[in-house]
Amino acid sequence: MPAEITQIAHTPESNYDQLTITDATKIQQDLKKYLKLSPYRKVITTIAGADISLSLYSDTVYAGMVILSFPDLQPIAYSLVKSHTVFPYVPGYLAFREIPSLLKVYEQIPIKPDVIMFDGNGILHARRMGIASHFGVLTGTATMGCAKKKLAGQYEEPGNQRNDFSLVTDRREIVGYALRTKNDVKPVFISPGNKMSMQDSLEIAIKCVGKHRLPEPTRRAHEFVNLFRTGELKEGYHEVNELRLF
DNA sequence: GCGACAG
DNA sequence: ATCTTGTCGC
């Protein structure tokens, strides 16, 4: 592995500028060596949702993370950063487009969340290095993915009731779950990112489901970055006013 | 070559 | 991802 590749892969300040798909693939294969999928041990007190919002026909990105109390799932703080994309959207390489800005979002959070849920996948990925795993390895944090559509692998349609689930398999390996979060809705795809097991990711996802199809962390993150893009929320780290109802 | 394809 | 209109259902 070329030293430059290893260097860029382990430098949070990297913006993946001028990176080719071939280089990106090598970085993913390198980062995979540092994946840790052993059971999560601590008690979860906070969980964050991470997402970005883009303007059509613009390279401006509005990235953010919303920290929720757990298991209450109430927003207690959020971090927002306006940035620019330097990498195009290519299926399988989403991390290179979103991670640079999300690292800035994460850096300005004074008290880090126990777990971070991403709008995308963890190991449910051709090279087991979806955005959640990529971010988890770079920062050494516990992460998981929750995608709205299947990226890779095969699965049997889960039962039609809330909490029914099935396994997603890719090349003989179990890489995630198709989870029905509500009755009669399309399943979401759950997978561990880093520092947690397959089972942990499923249990956490189920505990994060509120009144909607998407688990609260990513649903709130999506909501907040859109409010940020439309000017209703400002850049920076903010604690949610206890008295304000969201 | 063909089909699939997170956000 | 974003944009946009309409429809269905609690």
Side-chain angles (χ1 to χ4, degrees), chain A residues 15-16 19 21 24-25 27-28 31-32 35 49-66 80-103 105 116-137 143-157 160 162 168-171 175-179 181-194 201 205 210-215 217-232:
Chain A
N15 61 4
Y16 299 124
L19 203 68
I21 293 299
T25 300
I27 289 175
Q28 292 179 332
L31 292 179
K32 185 174 183 294
L35 257 188
D51 193 19
I52 70 169
S53 180
L54 304 144
S55 290
L56 195 53
Y57 307 128
S58 168
D59 68 340
T60 301
V61 300
Y62 297 83
M65 286 180 52
V66 179
L80 303 170
V81 170
K82 182 177 179 179
S83 188
H84 297 276
T85 54
V86 294
F87 200 85
Y89 169 66
V90 181
Y93 300 87
L94 177 66
F96 297 92
R97 179 174 173 75
E98 304 196 351
I99 276 190
S101 51
L102 287 177
L103 283 174
V105 164
I116 307 174
M117 182 185 288
F118 290 77
D119 193 352
N121 299 291
I123 64 171
L124 204 174
H125 179 278
R127 290 167 294 284
R128 314 292 179 259
M129 197 40 70
I131 187 169
S133 295
H134 192 134
F135 187 98
V137 168
T143 61
M144 60 180 286
C146 175
K148 297 180 288 298
K149 291 185 293 188
K150 191 199 73 170
L151 169 65
Q154 311 84 224
Y155 71 102
E156 296 280 298
E157 196 62 27
N160 214 39
R162 172 184 182 309
V168 177
T169 305
D170 185 45
R171 288 174 299 161
V175 295
Y177 305 90
L179 170 67
T181 55
K182 312 296 281 186
N183 296 175
D184 308 309
V185 299
K186 292 168 52 170
V188 292
F189 298 85
I190 305 297
S191 61
N194 187 47
S201 69
K211 193 179 180 184
H212 307 268
R213 176 197 175 220
L214 296 183
T218 48
R219 189 185 74 80
R220 288 295 199 174
H222 191 261
E223 174 183 80
F224 276 54
V225 294
N226 274 314
L227 288 173
F228 178 31
R229 178 169 59 80
T230 56
E232 295 159 76

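Below, chains carry the letters A, B, ... as their sequence lines are ordered, and counting in each starts from 1. Everything numeric in this text was worked out from a predicted model, so none of it was measured.
- Not one side-chain nitrogen or oxygen of Lys149(A) sits closer than 4.0 Å to the OP1 or OP2 atom of dA4(B).
- Taking a pair as Watson-Crick or G-U wobble with both distances under 3.5 Å, DNA chain B contains no run of three or more consecutive pairs.
- Distance Leu214(A) CG to dA6(B) P: 15 Å, rounded to the nearest Å.
- A salt bridge links Asp119(A) with Lys148(A): at least one charged nitrogen is closer than 4.0 Å to a carboxylate oxygen.
- Rounded to whole Å, atom P of dG7(B) lies 14 Å from atom CZ of Phe118(A).
- In this structure, the ring of His125(A) has its center no less than 6.0 angstrom from the ring center of Phe118(A).
- No contact: Gly145(A) has no heavy atom under 4.0 Å from any strand.
- By the 5.5 Å and 30° criteria, Tyr89(A) is stacked with the base of dG7(B).
- One interatomic measurement links the two molecules: CG of Asp119(A) to C1' of dT2(C), which rounds to 14 Å at whole-angstrom precision.
- Residues Asn121(A) and Ala147(A) share a closest heavy-atom pair of OD1-CB, 3.4 Å.
- Dashed line: the shortest gap from a side-chain N or O of Asn121(A) to OP1 or OP2 of dG7(B) is not under 4.0 Å.
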Could you go through nucleotides 4-10 of chain C and list every protein N or O atom that sits under 3.5 Å from one of its N or O atoms, giving the distance for each pair?
none

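- In this structure, the NE2 atom of His222(A) is 15 Å from the P atom of dA6(B), given to the nearest Å.
- Comparing dG7(B), dA6(B), dT2(C) by their nearest atom to the side chain of Leu56(A) picks out dT2(C).
- Between Thr218(A) and Val188(A), every side-chain heavy-atom pair lies at or beyond the 4.5 Å cut-off.
- Here the nucleotide nearest the side chain of Arg229(A), chosen from dC3(C), dC5(B), dA1(C), is dC3(C).
- Spacing between atom CD1 of Ile190(A) and atom P of dA6(B) amounts to 16 Å, rounded to whole angstrom units.
- In this structure, OH in Tyr93(A) is found 14.5 Å from CD1 in Ile99(A), a value given to the nearest 0.5 Å.
- Annotation for Lys182(A): atom NZ counts as buried by contact number, over 12 foreign heavy atoms lying within 6.0 Å.
- Going from atom CZ of Phe96(A) over to atom C1' of dG7(B) covers 15 Å, rounded to whole Å.
- Within the nucleic acid shown, Asp184(A) has no heavy atom closer than 4.0 Å to any nucleic acid atom.
- The shortest distance between the side-chain N/O atoms of Ser53(A) and the OP1/OP2 oxygens of dT2(C) is below 4.0 Å.
- When the C1' atom of dC5(B) is taken as reference, atom CG of Leu94(A) falls 12 Å away, rounded to whole Å.
- Whole-Å rounding puts the Leu124(A) CG to dA6(B) C1' distance at 9 Å.
- Ring-plane geometry between Phe96(A) and His134(A) is classed as perpendicular, the angle between the planes exceeding 60 degrees on a 0 to 90 degree scale with a lower cut at 30.
- Residue-environment remark: CD (Glu232(A)) exceeds the threshold of 12 foreign heavy atoms within 6.0 Å.
- Within the nucleic acid shown, Tyr93(A) comes within 4.0 Å of at least one base atom, counting heavy atoms only.
- Taking OH of Tyr177(A) as the start and CG of Leu124(A) as the end, the distance is 11.0 Å to the nearest 0.5 Å.
- For an aromatic pair to be called close, the ring centres must be under 6.0 Å apart, and Tyr62(A) with Phe228(A) satisfies this.
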